[in-house]
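A quick note: this is a predicted structure, and the numbers were derived from the prediction, not measured. All values below were derived from every heavy atom in this structure, side-chain atoms included, with hydrogens, water molecules and symmetry-related copies excluded. Note that the numbering runs from 1 along the sequence shown for the chain.
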Amino acid sequence: MATEFVFNERLGIELPLLQKAWEDYAPARQEGILAQWESIRGTIPDRIHDIEQIINTKQDQLGVEENFERSCKLNWEIAELASVINDLWLWYRTHQDINLKLHL
């Protein structure tokens, strides 16, 4: 099933990458893909928690940083990490009901 998922370096998880239309997969294959996605999806809250810890550390550093360039760099890193969290939540929420939709 690895061909239906590709590791996304930025998000730190595998994302679905279907090679053909969903309807063209056999029902057993669809179930396998869904099972793998649910396993991956289940790791998203932990991944978000880990990133939040990194953001907290960077915010602590920012609070005492006196160098303007370093402050700007920390701000940029925090913003990028917040963007990753946002994207992870989108993946988590967008696909939480995929199994229900397929069986309706």
Side-chain angles (χ1 to χ4, degrees):
M1 259 180 262
T3 58
E4 278 79 20
F5 293 87
V6 63
F7 186 77
N8 182 287
E9 192 72 35
R10 180 174 173 269
L11 300 182
I13 62 168
E14 291 185 357
L15 295 177
L17 180 66
L18 300 180
Q19 303 298 318
K20 53 187 173 181
W22 181 253
E23 301 79 29
D24 293 339
Y25 287 96
R29 186 66 160 167
Q30 288 178 353
E31 288 181 28
I33 293 168
L34 287 174
Q36 186 173 355
W37 171 246
E38 283 304 309
S39 177
I40 294 166
R41 186 177 165 270
T43 68
I44 291 175
D46 290 335
R47 176 82 178 118
I48 289 170
H49 179 266
D50 292 344
I51 295 170
E52 287 172 339
Q53 296 300 98
I54 296 169
I55 288 174
N56 290 339
T57 299
K58 289 186 180 293
Q59 286 176 327
D60 290 343
Q61 293 171 355
L62 184 59
V64 296
E65 184 59 57
E66 294 182 11
N67 181 291
F68 179 74
E69 287 181 24
R70 176 73 180 135
S71 293
C72 291
K73 185 175 189 291
L74 285 167
N75 269 323
W76 183 88
E77 291 170 357
I78 291 167
E80 179 58 27
L81 290 168
S83 174
V84 169
I85 288 174
N86 184 58
D87 289 349
L88 286 168
W89 276 125
L90 289 172
W91 275 103
Y92 185 79
R93 291 183 181 134
T94 300
H95 299 285
Q96 68 186 350
D97 62 346
I98 192 168
N99 198 7
L100 293 174
K101 288 181 182 177
L102 292 172
H103 294 292
L104 292 178

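Under the salt bridge (Lys or Arg N to Asp or Glu O under 4.0 Å) criterion, Glu65 pairs with no residue at all, not counting sequence neighbours. Residues that satisfy the salt bridge (Lys or Arg N to Asp or Glu O under 4.0 Å) test with Asp87, not counting sequence neighbours, are Arg10. When the side chain to side chain contact (heavy atoms under 4.5 Å, CB included) test is applied to Asp24, the partners found at least two apart in sequence or on another chain are Lys20, Ala21.
Of all non-hydrogen atoms in Trp37 and Pro16, the two that sit nearest each other are CZ3-CD, 3.6 Å.
In summary, of the residues considered (Leu11, Ile13, Ile85), a side-chain contact (heavy atoms from CB on, under 4.5 Å) with Ile44 occurs for Ile13 alone.
Atom-to-atom distance recorded for Ile33:CD1 and Glu4:CD is 4.0 Å, nearest 0.5 angstrom. In this structure, Tyr25 OH and Leu34 CG are separated by 11.5 Å, a value rounded to the nearest 0.5 Å. Residue Phe5 holds its CZ atom at 7.5 Å from CG of Leu18, rounded to the nearest 0.5 Å. Considering CH2 of Trp91 and CG of Leu15, their distance stands at 5.0 Å, rounded to 0.5 Å. The distance from the CD1 atom of Ile78 to the OG atom of Ser83 is 13.5 Å, given to the nearest 0.5 Å.
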Let me have the donor-acceptor pairs involving side chains of residues 48-59, under 3.5 Å, with sequence neighbours excluded, atom names and distances please.
unit_1: Asn56; atom_1: ND2; unit_2: Glu52; atom_2: O; d: 3.4
unit_1: Thr57; atom_1: OG1; unit_2: Gln53; atom_2: O; d: 3.1
unit_1: Lys58; atom_1: NZ; unit_2: Glu77; atom_2: OE1; d: 2.7

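Residues Thr43 and Arg41 fail the side-chain proximity criterion, which asks for heavy atoms closer than 4.5 Å.
Phe7 and Tyr92 sit in two unconnected hydrophobic clusters of ILVMFWY residues. Membership requires side-chain heavy atoms under 4.5 Å apart, directly or through other members.
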> Would Leu17 and Gln19 satisfy side-chain contact (heavy atoms from CB on, under 4.5 Å), going step by step from the backbone distance to the final call?
Replying inline: CA-CA 6 Å; Leu17 180 66; Gln19 303 298 318; 4.0 Å; yes
